[in-house]
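Please read the structure below before turning to the comments.
The chain is numbered in sequence order, starting from 1.
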Amino acid sequence: MIPIDKSFYNKEVGNRLKEIMLVCDLELEGFALFINSSASQLYALLNGNRRLTKKKAEEIGNILGFDGSLIFNLNVAIPANISKSAKLNNFKTEFKENPE
């Protein structure tokens with residue numbers, strides 16, 4: 001069995017979260033609020049300093065309408081249609097005056 005570099009993997013998961021943020025067109029503060037997290041917690045996830053839990057991945061997936069476990073599978077693309085999520089659109093409408 002090939003050993004897994006957890007630090008590398010956590011950074012790659014963080015990169016996938018960054019990709020989700022790009023697709024959602026949200027910055028750090030806005031995405032943190034959207035997923036019910038603090039900016040510092042999200043920052044640690046994005047940089048690979050904190051491990052994304054299965055529970056939080058499922059929460060993100062539920063909010064955006066996709067299987068959150070896909071975040072952990074580095075070989076599967078993040079669905080582009082998450083940008084059309086009703087909850088995301090409602091969030092953006094509610095906070096349209098906030099640039100983050």
Side-chain angles (χ1 to χ4, degrees):
M1 181 177 255
I2 299 172
I4 298 172
D5 181 350
K6 290 181 184 177
S7 174
F8 172 79
Y9 180 74
N10 287 341
K11 287 180 183 176
E12 288 301 309
V13 169
N15 287 336
R16 290 180 61 84
L17 289 174
K18 290 176 188 175
E19 183 181 346
I20 291 170
M21 289 172 53
L22 283 172
V23 172
C24 292
D25 193 29
L26 291 174
E27 295 181 11
L28 185 118
E29 294 283 340
F31 192 66
L33 181 62
F34 181 61
I35 65 169
N36 195 29
S37 184
S38 72
S40 63
Q41 289 172 333
L42 179 57
Y43 188 75
L45 289 170
L46 295 174
N47 291 318
N49 295 328
R50 185 176 185 151
R51 184 181 62 83
L52 180 67
T53 64
K54 181 180 177 185
K55 180 180 177 184
K56 186 50 111 177
E58 289 172 353
E59 288 174 11
I60 293 169
N62 286 337
I63 293 169
L64 291 170
F66 77 104
D67 179 1
S69 68
L70 292 178
I71 298 170
F72 297 114
N73 188 340
L74 305 180
N75 297 316
V76 175
I78 298 296
N81 66 345
I82 62 175
S83 65
K84 296 179 174 84
S85 159
K87 289 181 182 178
L88 177 62
N89 290 327
N90 290 341
F91 177 83
K92 286 183 172 183
T93 300
E94 183 179 348
F95 293 97
K96 67 182 173 185
E97 300 302 320
N98 188 338
E100 296 177 346

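Here the side chains of Met21 and Leu46 are in contact, with some heavy-atom distance below 4.5 Å.
Separating the CG atom in Asn10 from the CG atom in Leu52 is a distance of 9.0 Å, to the nearest 0.5 Å.
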Checklist entry - Given Leu26 and Phe91, is the side chain to side chain contact (heavy atoms under 4.5 Å, CB included) satisfied, shown in steps? => result CA-CA 10 Å; Leu26 291 174; Phe91 177 83; 4.0 Å; yes
Item to check | salt bridge (charged side-chain N to carboxylate O under 4.0 Å, His left out) evaluation trace for Lys56 with Glu59 | outcome: CA-CA 5 Å; Lys56 186 50 111 177; Glu59 288 174 11; 3.0 Å; yes
Item to check | Leu64 and Phe34: CA distance, side-chain angles, deciding distance, side chain to side chain contact (heavy atoms under 4.5 Å, CB included) verdict | outcome: CA-CA 10 Å; Leu64 291 170; Phe34 181 61; 3.5 Å; yes
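Listed here is the closest heavy atom pair of Thr53 and Phe72: O-CZ, 3.7 Å. Heavy-atom minimum distance, Val23 versus Ser83: O-CB, 3.4 Å. Residue Lys18 comes nearest to Asn47 through the heavy atom pair NZ-OD1, 4.5 Å, listed as atom of the first residue, atom of the second, then distance. The minimum heavy-atom distance between Arg16 and Ile78, with the atom names listed, is NH2-CD1, 3.3 Å. Smallest separation of non-hydrogen atoms from Glu29 and Ala39: OE2-CB, 3.4 Å.
Residue Phe66 qualifies as enclosed at atom CZ: its count of foreign heavy atoms under 6.0 Å is above 12. Within 6.0 Å of CG in Asn90 there are more than 12 heavy atoms belonging to other residues, nucleotides or ligands. Counting non-hydrogen atoms of other residues, nucleotides and ligands closer than 6.0 Å to NZ of Lys11 gives a total of 12 or fewer.
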